[in-house]
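Before any comments, here is the structure.
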Amino acid sequence: MPNVTLTDALRREYDTLFNSVIIRPERAGEVEASVRRINGDRDRYTAVAEATGIPWGFIAVVHNMEASGRFDRHLHNGDPLTARTVQVPAGRPKTGQAPFTWEESAIDALTLKGLGASTDWSLAGTLYQLERYNGWGYRLSHPHVLSPYLWCYSQHYSSGKYVADGTWSDTAVSRQCGAAVLLRRLAESGLVDFHDQPAPAADAEPLIVRYTTEKPTDPAELKRAEALQQWLNTFPGVFVKVDGEAGKRTSEAYKKVTGHYLPGDPRGT
């Protein structure tokens, strides 16, 4: 299959899609559970990250996509670690003896893709490598559908998927959370960041919303808080969940943009 080049236009597309992600409400609980599980296994991902120079968050979301987060499966394709891989790519790892550790298999899978410390790990570069990991079939053959491998469970994807190798359906719907959506929630939770997303400098008057640890019951207050969160998300390096609760993460993002915590935040006194 032809390769896709990471052009400036594609970079802008990735940045725009990521910065505008809204997780579908009916999937929010499932996404949160995945983020908690991923963060709980962070030490294992970090060990592979240190061995390869690849960000731990990238390794984690690929592991979720390819092996459902299971540590008894190859990162290449989800085959059992009790033998070399059978599915494509078959016969991996080529060296060593089964059963393989998850770490040695993961390192083999990532280096087989040519990934390492010298890879472009900017936000757009990371999303490019995630799409490349799964393949360019959606982008090249069905460009009307954004790859569910990245965007499923967000407003960017509704339907359309490969139901078998080379078999396409416009009505089939992916049932797996997209890697970019997981990465977005990890960023919103303050667990990952990107080297090309600098601390923002405010150039507009911010919306004023008071700090709270509970979602407002007043519809007008809820709308103002959501508007603030949407505004904060327009700044590079800021990833806030738009939920109307102007709590700790929203206040921290507000400080990053304005230099001050939200009014009422005890950290600002």
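Heavy-atom basis, side chains included; hydrogens, waters and symmetry copies ignored.
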inquiry  = Is it the case that over 12 heavy atoms from other parts of the model lie below 6.0 angstrom from the CG atom of Asp72?
reply    = yes
ask   = Thinking salt bridges, do Arg11 and Asp120 make one under a 4.0 Å N-O criterion?
value = yes
Any donor-acceptor pair under 3.5 Å from Ser68 side chain to Arg70 backbone = no
query = Looking only at heavy atoms, which two atoms of His74 and Arg92 are closest? And how far apart?
reply = CE1-O, 3.8 Å
query = OH of Tyr133 to CG of Leu110: how many Å apart, nearest 0.5 Å?
reply = 5.5 Å
ask   = How far does CE of Met65 sit from CG of Leu182, to the nearest 0.5 angstrom?
value = 7.5 Å
ask   = If Ile, Leu, Val, Met, Phe, Trp and Tyr residues are connected whenever their side-chain heavy atoms lie under 4.5 Å apart, and connections chain through other members, are Val240 and Tyr261 in the same group?
value = no
query = Can Val163 be reached from Trp151 by stepping across I, L, V, M, F, W or Y side chains whose heavy atoms are under 4.5 Å apart?
reply = no
key: Between OG on residue Ser147 and NZ on residue Lys161, distance to nearest 0.5 Å   = 11.0 Å
query = Is any side-chain heavy atom of Cys177 less than 4.5 Å from a side-chain heavy atom of Arg24?
reply = no
request  = Apply the test side-chain contact (heavy atoms from CB on, under 4.5 Å) to residues Tyr157 and Tyr149: give CA-CA distance (whole Å), side-chain angles for both, the deciding distance (0.1 Å), then the verdict.
outcome  = CA-CA 10 Å; Tyr157 172 80; Tyr149 191 88; over 6 Å; no
ask   = Counting distance only, does the side-chain N/O of Thr16 pair as donor-acceptor with the main-chain N or O of Glu13 below 3.5 Å?
value = no
task = Give a yes or no answer on whether the side chain of Glu245 reaches the backbone of Thr250 with a donor-acceptor pair at less than 3.5 Å.
result = no
query = Step by step, would you call Val48 with Ile54 a side-chain contact (heavy atoms from CB on, under 4.5 Å)?
reply = CA-CA 8 Å; Val48 174; Ile54 298 170; over 6 Å; no
ask   = Which value, rounded to the nearest 0.5 Å, describes the distance between Lys241 atom NZ and Arg184 atom CZ?
value = 11.0 Å
ask   = Are Leu81 and Val86 linked, directly or through other ILVMFWY residues, by side chains that come within less than 4.5 angstrom of each other?
value = no
inquiry  = Keeping Thr85 on the side-chain end and Gly91 on the backbone end, is there a donor-acceptor pair under 3.5 Å?
reply    = yes
request  = Taking the side chain as every heavy atom from C-beta outward, state whether His76 and Ser105 have any pair of such atoms under 4.5 Å apart.
outcome  = yes
task = Nearest 0.5 Å please: distance from the CG atom of Leu10 over to the CG atom of Asp15.
result = 9.5 Å
ask   = Taking all non-hydrogen atoms of both residues, which atom of Tyr162 and which atom of His142 are closest, and how far apart?
value = OH-CD2, 3.1 Å
query = Measuring from Glu226:CD to Lys215:NZ, what's the distance to the nearest 0.5 Å?
reply = 7.5 Å
inquiry  = Has Thr111 got a side-chain atom pairing as donor or acceptor with Asp108's backbone, closer than 3.5 angstrom?
reply    = yes
query = Quick one: are the ring centres of Trp102 and Phe71 less than 6.0 Å apart?
reply = yes
task = Starting from the C-alpha separation in whole Å, work towards a yes-or-no answer on side-chain contact (heavy atoms from CB on, under 4.5 Å) for Asp243 and Arg249.
result = CA-CA 11 Å; Asp243 60 3; Arg249 287 284 298 159; over 6 Å; no
task = For the residue pair Thr82 and Phe100, establish whether any side-chain heavy-atom pair is separated by less than 4.5 Å.
result = no
task = Using the rule that two of Ile, Leu, Val, Met, Phe, Trp, Tyr join whenever any of their side-chain heavy atoms come within less than 4.5 Å, decide whether Leu130 and Leu112 are in one cluster.
result = no
message = So that I can tick it off, tell me whether Lys256 and Glu252 are bridged by a salt bridge, with the cut-off set at under 4.0 angstrom between side-chain N and carboxylate O.
response = no
query = Does Arg84 offer a backbone N or O that forms a donor-acceptor pair with the side chain of Asp79 under 3.5 Å?
reply = no
query = More than 12 non-hydrogen atoms from neighbouring residues, nucleotides or ligands closer than 6.0 Å to CD on Gln97, yes or no?
reply = no
note = Smallest heavy-atom separation, Ile107 atom then Ala51 atom, equals CD1-CB, 3.9 Å
query = Do side-chain atoms of Arg132 reach the backbone of Lys113 as a donor and acceptor pair under 3.5 angstrom?
reply = yes
remark   = Hits for ring pair (Phe, Tyr, Trp, His ring centres under 6.0 Å) against Tyr128, two or more places apart or cross-chain, chain-then-number order -> Trp136
Aromatic contact, Phe194 with Phe18 (centres under 6.0 Å) = yes
key: Residue pair Thr52 / Phe58, side-chain heavy-atom distance below 4.5 Å   = no
inquiry  = Has Tyr138 got a side-chain atom pairing as donor or acceptor with His144's backbone, closer than 3.5 angstrom?
reply    = no
ask   = Distance-only, no hydrogens or angles: does the Ser34 side chain make a donor-acceptor pair with backbone N or O of Glu30 under 3.5 Å?
value = yes
Derivation of the side-chain contact (heavy atoms from CB on, under 4.5 Å) call for Lys248 and Arg267 = CA-CA 10 Å; Lys248 180 180 177 182; Arg267 294 172 295 181; 3.7 Å; yes
ask   = Do Arg185 and Glu188 sit within salt-bridge range, that is, some charged N less than 4.0 Å from a carboxylate O?
value = yes
inquiry  = Using every non-hydrogen atom in the two residues, find where Tyr211 and Gly247 come nearest and quote the distance to one decimal.
reply    = CE1-C, 3.5 Å
key: Side chain proximity check, Val62 to Leu75, heavy atoms < 4.5 angstrom   = yes
ask   = Side chains of Asn19 and Asn233: closer than 4.5 Å at any heavy-atom pair?
value = no
ask   = Is there a chain of hydrophobic side chains (I, L, V, M, F, W, Y, each step under 4.5 Å between heavy atoms) that links Val242 to Val257?
value = no
remark   = Result for side chain to side chain contact (heavy atoms under 4.5 Å, CB included) between Leu17 and one of Leu127, Leu146, Leu150 points to Leu146
remark   = Here the pair of heavy atoms bringing Ser159 nearest to Thr171 is CB-O, 4.1 Å
request  = Find out whether Arg27 and Cys152 are in side-chain contact, i.e. whether some heavy atom of one side chain is under 4.5 Å from a heavy atom of the other.
outcome  = no
task = Kindly say whether Ser122 contributes a backbone atom to a donor-acceptor pair with the side chain of Thr126 at under 3.5 angstrom?
result = yes
query = If every non-hydrogen atom of Val209 is compared with every non-hydrogen atom of Leu262, which pair is closest and at what distance?
reply = O-CD2, 3.3 Å
message = Could you tell me if the side chain of Ile38 sits less than 4.5 Å from the side chain of Leu191, heavy atoms only?
response = no
